[in-house]
Asker: 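Here it is, the structure, as structure tokens.
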Amino acid sequence: MKIGQKLTNLKFIIDKDTVISSSDLAGKKLVIYFYPKDDTPGCTKEALEFSNLKNDFDKKNVNIIGVSKDSIEKHQKFISKYNLSLKLASDEDLKICETFKVWVEKSMYGKTYMGIERSTFLFDENLQLIQSWRKVKVNGHAEEVLNSID
């Protein structure tokens, strides 16, 4: 996704009864943040930071959706364990990750593997991309995103 590009034809699987299509999200600003894995230290900290600021995002009329390739069952456990007030979408088939080009080759301890690059995307009320953050560092990121919204 590039700045100015419009979000179209995506489905966010929230749980077994809830699928949100991108068209359902028009009318509010939208933050989509990608993270590697539920219930790991960095991802938990990031989810808690977004969750703790949810009321502030609500005041600015902003929806937030976190996306990883974890299953909806893992998402539900993660939400319950940390009492998160966020919608988390399961992207097991990587369609959303590939649309945003966040499924990338990574390396750790000399080994390369494919994984999700921690990234955040901000859309306006018409679902046009207005800002993005790639290779995000967790500490203070949610607040940085909040502060960037008019």
Side-chain angles (χ1 to χ4, degrees), residues 1-22 25 29-58 60 62-124 127-149:
M1 293 284 303
K2 293 184 168 54
I3 301 296
Q5 200 172 342
K6 198 159 181 167
L7 182 65
T8 55
N9 301 325
L10 283 180
K11 300 233 180 292
F12 298 91
I13 301 167
I14 305 302
D15 59 41
K16 62 182 170 73
D17 300 319
T18 310
V19 176
I20 300 171
S21 66
S22 45
L25 297 164
K29 287 190 171 116
L30 172 65
V31 169
I32 300 175
Y33 80 93
F34 291 86
Y35 64 98
K37 193 170 172 62
D38 288 343
D39 210 3
T40 56
C43 297
T44 299
K45 184 168 180 36
E46 184 175 30
L48 285 168
E49 285 188 8
F50 273 111
S51 190
N52 291 339
L53 292 171
K54 185 172 183 316
N55 287 338
D56 296 311
F57 280 99
D58 288 346
K60 292 186 175 196
V62 180
N63 282 316
I64 304 168
I65 298 177
V67 179
S68 80
K69 67 184 295 293
D70 289 310
S71 68
I72 55 176
E73 293 80 14
K74 281 181 113 176
H75 281 338
Q76 293 307 316
K77 287 178 186 167
F78 186 43
I79 289 167
S80 293
K81 183 175 180 178
Y82 295 99
N83 198 26
L84 301 174
S85 58
L86 302 171
K87 287 183 172 61
L88 299 179
S90 176
D91 189 29
E92 291 181 278
D93 63 7
L94 297 171
K95 282 188 174 142
I96 301 169
C97 288
E98 288 171 353
T99 297
F100 284 84
K101 308 265 188 276
V102 298
W103 185 249
V104 298
E105 187 174 276
K106 300 168 94 176
S107 68
M108 188 180 342
Y109 308 121
K111 286 188 164 191
T112 59
Y113 62 97
M114 295 301 289
I116 293 176
E117 175 184 74
R118 193 181 304 277
S119 306
T120 302
F121 299 85
L122 173 62
F123 294 85
D124 68 11
L127 302 181
Q128 192 166 1
L129 184 62
I130 53 177
Q131 195 163 355
S132 65
W133 294 262
R134 304 298 294 238
K135 298 182 180 171
V136 165
K137 301 289 182 239
V138 171
N139 287 343
H141 176 63
E143 190 170 359
E144 177 187 358
V145 173
L146 179 68
N147 292 337
S148 75
I149 300 169

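The first residue in the sequence is number 1, and the count goes up from there.
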Asker: Which residue in the set Q5, Q131, K6, M1 passes side-chain contact (heavy atoms from CB on, under 4.5 Å) when paired with F123?
Answerer: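 One option only clears the test, and that one is M1.
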Asker: Once rounded to the nearest 0.5 Å, what's the spacing between atom CD1 of I32 and atom CG of N63?
Answerer: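 With rounding to 0.5 Å, CD1 (I32) is 10.0 Å from CG (N63).
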Asker: If you count every heavy atom of other residues, nucleotides or ligands that lies below 6.0 Å from K101 atom NZ, does the total exceed 12?
Answerer: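 12 or below, so no.
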Asker: Please examine the side chains of K37 and D70, heavy atoms only from C-beta on, and report whether any two atoms are closer than 4.5 Å.
Answerer: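 Side chain of D70 against side chain of K37, heavy atoms only: contact under 4.5 Å found.
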Asker: State, to 0.1 Å, how close S132 and I3 come at their nearest heavy-atom pair, and which atoms those are.
Answerer: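 Residues S132 and I3, closest heavy atoms: N-CD1, 4.0 Å.
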Asker: Please test V67 against L88 for side chain to side chain contact (heavy atoms under 4.5 Å, CB included), starting from the C-alpha separation and ending with a verdict.
Answerer: CA-CA 6 Å; V67 179; L88 299 179; over 6 Å; no
Asker: In plain terms, say whether D39 and K81 are close enough for a salt bridge, that is, a side-chain N and a carboxylate O under 4.0 Å apart.
Answerer: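 A salt bridge links D39 with K81.
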Asker: Starting at CG of L7, measure out to OG of S22 and round the result to the nearest 0.5 Å.
Answerer: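 One finds 4.5 Å between CG of L7 and OG of S22.
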Asker: Do you know which two heavy atoms are closest between S68 and D38, and how far apart they sit?
Answerer: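 In terms of heavy atoms, the two residues are closest at OG-OD1, 4.0 Å.
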Asker: Less than 4.5 Å apart, any side-chain heavy atom of R118 and any of F34?
Answerer: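 Result no, sub-4.5 Å side-chain heavy-atom pair not found.
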Asker: Might you point out which heavy atoms bring L146 and K60 nearest each other, and give the distance in Å?
Answerer: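 Minimum heavy-atom separation between L146 and K60: O-NZ, 3.0 Å.
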Asker: Do you know the tightest heavy-atom contact between P36 and C43?
Answerer: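 Residues P36 and C43, closest heavy atoms: CD-SG, 3.4 Å.
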Asker: Looking at I14 and I72, what are the two nearest heavy atoms and their distance?
Answerer: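 Heavy atoms only, the tightest pair is O-CG2, 3.8 Å.
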Asker: For K69 and L94, run side chain to side chain contact (heavy atoms under 4.5 Å, CB included): C-alpha distance rounded to whole Å, both residues' side-chain angles, the deciding distance at 0.1 Å, then the answer.
Answerer: CA-CA 7 Å; K69 67 184 295 293; L94 297 171; 3.9 Å; yes
Asker: Counting only heavy atoms not in K106 (residues, nucleotides, ligands), do more than 12 fall under 6.0 Å from its NZ?
Answerer: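 Yes, NZ of K106 has more than 12 neighbouring heavy atoms, counting only those of other groups under 6.0 Å.
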Asker: Once side-chain contact (heavy atoms from CB on, under 4.5 Å) is applied, do any residues pair with K54, and if so which ones, sequence neighbours excluded?
Answerer: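 Partners of K54 under the side-chain contact (heavy atoms from CB on, under 4.5 Å) test: D58, S85.
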Asker: Measure from the side-chain N and O atoms of D91 to the backbone N and O of C97, and report whether any donor-acceptor pair falls under 3.5 Å.
Answerer: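 It does hold such a pair.
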Asker: Rounded to the nearest 0.5 Å, what separates atom CD1 in I149 from atom CD1 in I130?
Answerer: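 Rounded to the nearest 0.5 Å, the CD1-CD1 separation comes out at 7.5 Å.
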Asker: I'd like to know if the side chain of E117 and the backbone of V102 have a donor-acceptor N/O pair within less than 3.5 Å.
Answerer: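 The answer is no, because no donor-acceptor pair under 3.5 Å joins these two groups.
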Asker: Nearest 0.5 Å please: distance from the CD atom of E46 over to the CD atom of E49.
Answerer: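 It is 7.5 Å, given to the nearest 0.5 Å.
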Asker: Is it the case that the side chain of S107 and the backbone of G110 share a donor-acceptor pair, with hydrogens and angles ignored and the cut-off at 3.5 Å?
Answerer: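 No, the answer is negative, given that no donor and acceptor are paired below the 3.5 Å cut-off.
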Asker: Could you grab the distance from atom OG of S51 to atom CG of N83, nearest 0.5 Å is fine?
Answerer: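 Nearest 0.5 Å value for the OG-CG distance: 7.0 Å.
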Asker: Looking at L86, I65, L122, which one forms a side-chain contact (heavy atoms from CB on, under 4.5 Å) with Y33?
Answerer: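 Of the listed options, the one satisfying the test is L86.
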Asker: Mind checking what makes salt bridge (charged side-chain N to carboxylate O under 4.0 Å, His left out) contact with D93, not counting sequence neighbours?
Answerer: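 Only K95 meet the salt bridge (charged side-chain N to carboxylate O under 4.0 Å, His left out) criterion with D93.
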Asker: For a quick check under 3.5 Å, do E144 and W133 share a side-chain donor-acceptor pair by atom type?
Answerer: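 Their side chains do contain a donor-acceptor pair, which is all the 3.5 Å distance test asks for.
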Asker: Taking the side chain as everything from C-beta on, heavy atoms only, tell me whether Y113 gets closer than 4.5 Å to M108.
Answerer: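 The answer is yes, as the side chains (C-beta and beyond) meet within the 4.5 Å cut-off.
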Asker: Give a yes or no on this: more than 12 heavy atoms of other residues, nucleotides or ligands lie within 6.0 Å of atom CD of E143.
Answerer: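 Atom CD in E143 is not packed in, count stays at 12 or less.
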Asker: Got N139 and K45 here, is their nearest side-chain heavy-atom distance under 4.5 Å?
Answerer: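 With C-beta onward as the side chain, the pair touches.
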Asker: Before you tell me yes or no, could you show the steps for T18 and D15 under side chain to side chain contact (heavy atoms under 4.5 Å, CB included), namely the whole-Å CA-CA distance, both residues' side-chain angles and the distance that decides it to 0.1 Å?
Answerer: CA-CA 5 Å; T18 310; D15 59 41; 3.0 Å; yes
Asker: Taking all non-hydrogen atoms of both residues, which atom of S119 and which atom of V136 are closest, and how far apart?
Answerer: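 Distance-wise, the nearest heavy atoms are CA-CG2, 4.0 Å.
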Asker: Could you please spell out the steps behind the side chain to side chain contact (heavy atoms under 4.5 Å, CB included) verdict for F121 and V145?
Answerer: CA-CA 9 Å; F121 299 85; V145 173; over 6 Å; no
Asker: With rounding to the nearest 0.5 angstrom, report the CD1 to OH distance, I116 to Y35.
Answerer: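 Nearest 0.5 Å value for the CD1-OH distance: 8.0 Å.
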